[in-house]
Amino acid sequence: MESFSLILAIVVVTALAFDFTNGFHDTANAMATTISTGALKPKIAVAMSAVLNLVGAFLSVEVANTISKGLVDETGIRPEVIFAALVGAILWNLLTWLVGLPSSSSHALMGGLVGATVASAGFGAVHGEVLVTKVLLPAVAAPLVAGLASMLATRFSYGIGDKAEGDATRKGYRAGQIASAGLVSLAHGTNDAQKTMGIITLALIAGGAIAPGSNPPTWVILSAGLAIALGTYIGGWRIIRTMGTGLTDLEPRQGFAAQTSAATAILASSHLGFSLSTTHVVSGSVMGAGLGRKGGVVRWSTATRMIVAWVLTLPAAALVGAGAESVTGLGDWGTAVVAVLLVAASATIWKISRREVVDHTSVVAETTEPAGVVTTAIAAVIPPPAGTVTEDLTATIPAPAAEPAPATPPAATV
């Protein structure tokens with residue numbers, strides 16, 4: 001029977017709070033393109049994603065085991081270390097949500113855990129080979145592989161569908177996009193929900209509630225699945241807007257190609273136990289789909305900001321996690337101080353976000369961001385797809401002047 005201390009209960013609640021932020025932070029991964037192309041209404045899309053996230057949470061525990069058994073030395077970790085790691089991850093999630101950047105919740109959690117563990121037990125408590133092979137390498141390879149697959153799939157779909165334009169074709173791709181979006185949501189549950197399962201399991205082991213090497217208990221799987229599903233339903237509308245319309249402009253067949261490629265990569269990584277960032281995978285797929293269509297472009301200024309956020313996620317969360325661990329190490333009052341600061345910072349970020357509210361009614365608003373030099377250059381050398389009309393196109397050959405009407409002969413006189 002599991003026994004709980006106060007600090008262990010605080011860690012579990014904080015972990016579920018992180019799982020909730022993970023849900024609304026990563027809703028865009030599954031549903032941004034579906035919403036932006038009009039395949040589903042925003043509220044219906046997030047409800048569907050929430051249900052499938054919950055289902056996906058029960059399909060596998062491989063990623064959870066990577067976190068609870070492989071990333072750090074579980075025998076030298078205190079529950080306070082897990083709490084400090086979660087503080088770093090939650091604050092990074094909220095900050096990037098505030099500015100609408102689709103950064104990685106997974107890497108925020110990994111960074112917070114590594115930073116807090118190093119601050120508590122030194123670098124020797126982190127399993128460097130697991131960090132490199134199952135976190136860092138997939139972080140680099142996944143968006144490249146998914147982007148290339150999405151670009152090829154987009155080009156293939158346009159290649160075979162040039163003569164099949166029409167309402168029936170568009171409806172078919174919209175249906176396919178809904179199915180692929182559901183698959184991404186299911187895959188997200190198998191990967192991201194498990195990260196919280198792993199962190200709670202690690203806390204239970206550290207607190208002596210379960211034996212080392214144990215799999216996540218059933219109640220952990222259920223609570224993590226429900227938390228991420230609820231967060232998904234709330235909808236991270238700011239990030240959905242960035243992913244759906246701020247990065248590139250997608251047609252239904254591009255959205256279908258992007259989501260199918262992303263779902264395949266995520267499900268494969270979950271099977272192998274890789275702690276993959278679904279944000280990286282979907283972002284790479286969206287960019288690949290944007291480049292795969294003739295005349296399609298990517299807004300590289302937005303993409304650059306996203307990549308900078310990706311690079312900063314691990315070290316930033318690690319620094320916050322290490323700082324929080326230094327304070328919690330001072331005793332119970334230190335843990336209380338960190339908890340109060342977390343609540344205060346979260347409330348402040350939420351209050352700032354109310355200055356410009358983004359919800360389901362404004363999530364598909366047109367972006368005002370200029371295309372940028374690279375996009376302009378690509379658009380100049382690649383012709384637009386057949387059937388499109390450029391708005392600023394003007395005629396260069398004047399229309400022939402109308403010939404004067406022949407004169408009516410005078411009426412005959414008698």
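Below, each value reflects all heavy atoms present in this structure, side chains not excepted, and no hydrogens, waters or symmetry copies.
A donor atom on one side chain and an acceptor atom on the other are found under 3.5 Å apart for Ser103 and Thr96. A side-chain N or O of Trp92 and one of Thr313 form a donor-acceptor pair less than 3.5 Å apart.
How far CD1 of Ile7 is from CG of Asp332: 7.5 Å, rounded to the nearest 0.5 Å. Between the CG atom in Leu8 and the CD1 atom in Ile82 there is a gap of 10.0 Å [rounded to 0.5 Å]. Note: Thr14 OG1 to Ile10 CD1 = 7.0 Å, rounded to the nearest 0.5 Å. For the atom pair CD1 (Ile199) and CZ (Phe18), the distance works out to 8.0 Å, reported to the nearest 0.5 Å. Rounded to the nearest 0.5 angstrom, Met306 CE and Ser283 OG are separated by 3.0 Å.
For residues 340-357, there are no side-chain hydrogen bond (donor to acceptor under 3.5 Å, both in side chains) pairs, not counting sequence neighbours.
Taking a 6.0 Å sphere around NZ of Lys41, one finds it holds 12 or fewer heavy atoms contributed by other residues, nucleotides or ligands.
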Apply the test side-chain hydrogen bond (donor to acceptor under 3.5 Å, both in side chains) to residues Ser49 and Ser185: give CA-CA distance (whole Å), side-chain angles for both, the deciding distance (0.1 Å), then the verdict.
CA-CA 5 Å; Ser49 183; Ser185 296; 2.9 Å; yes

How far apart are the C-alpha atoms of Arg305 and Val308, what are their side-chain angles, what is the distance that settles it, and do they pass the side chain to side chain contact (heavy atoms under 4.5 Å, CB included) test?
CA-CA 5 Å; Arg305 292 200 301 270; Val308 170; 5.7 Å; no

Mind running side-chain hydrogen bond (donor to acceptor under 3.5 Å, both in side chains) on Ser105 and Asn93 for me, showing each step along the way?
CA-CA 6 Å; Ser105 299; Asn93 270 359; 3.2 Å; yes

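For Leu330, the side-chain contact (heavy atoms from CB on, under 4.5 Å) partners are Trp333, not counting sequence neighbours.
Under the 6.0 Å cut-off for aromatic ring centres, Trp310 and His107 do not qualify, their centroids lying 6.0 Å or more apart.
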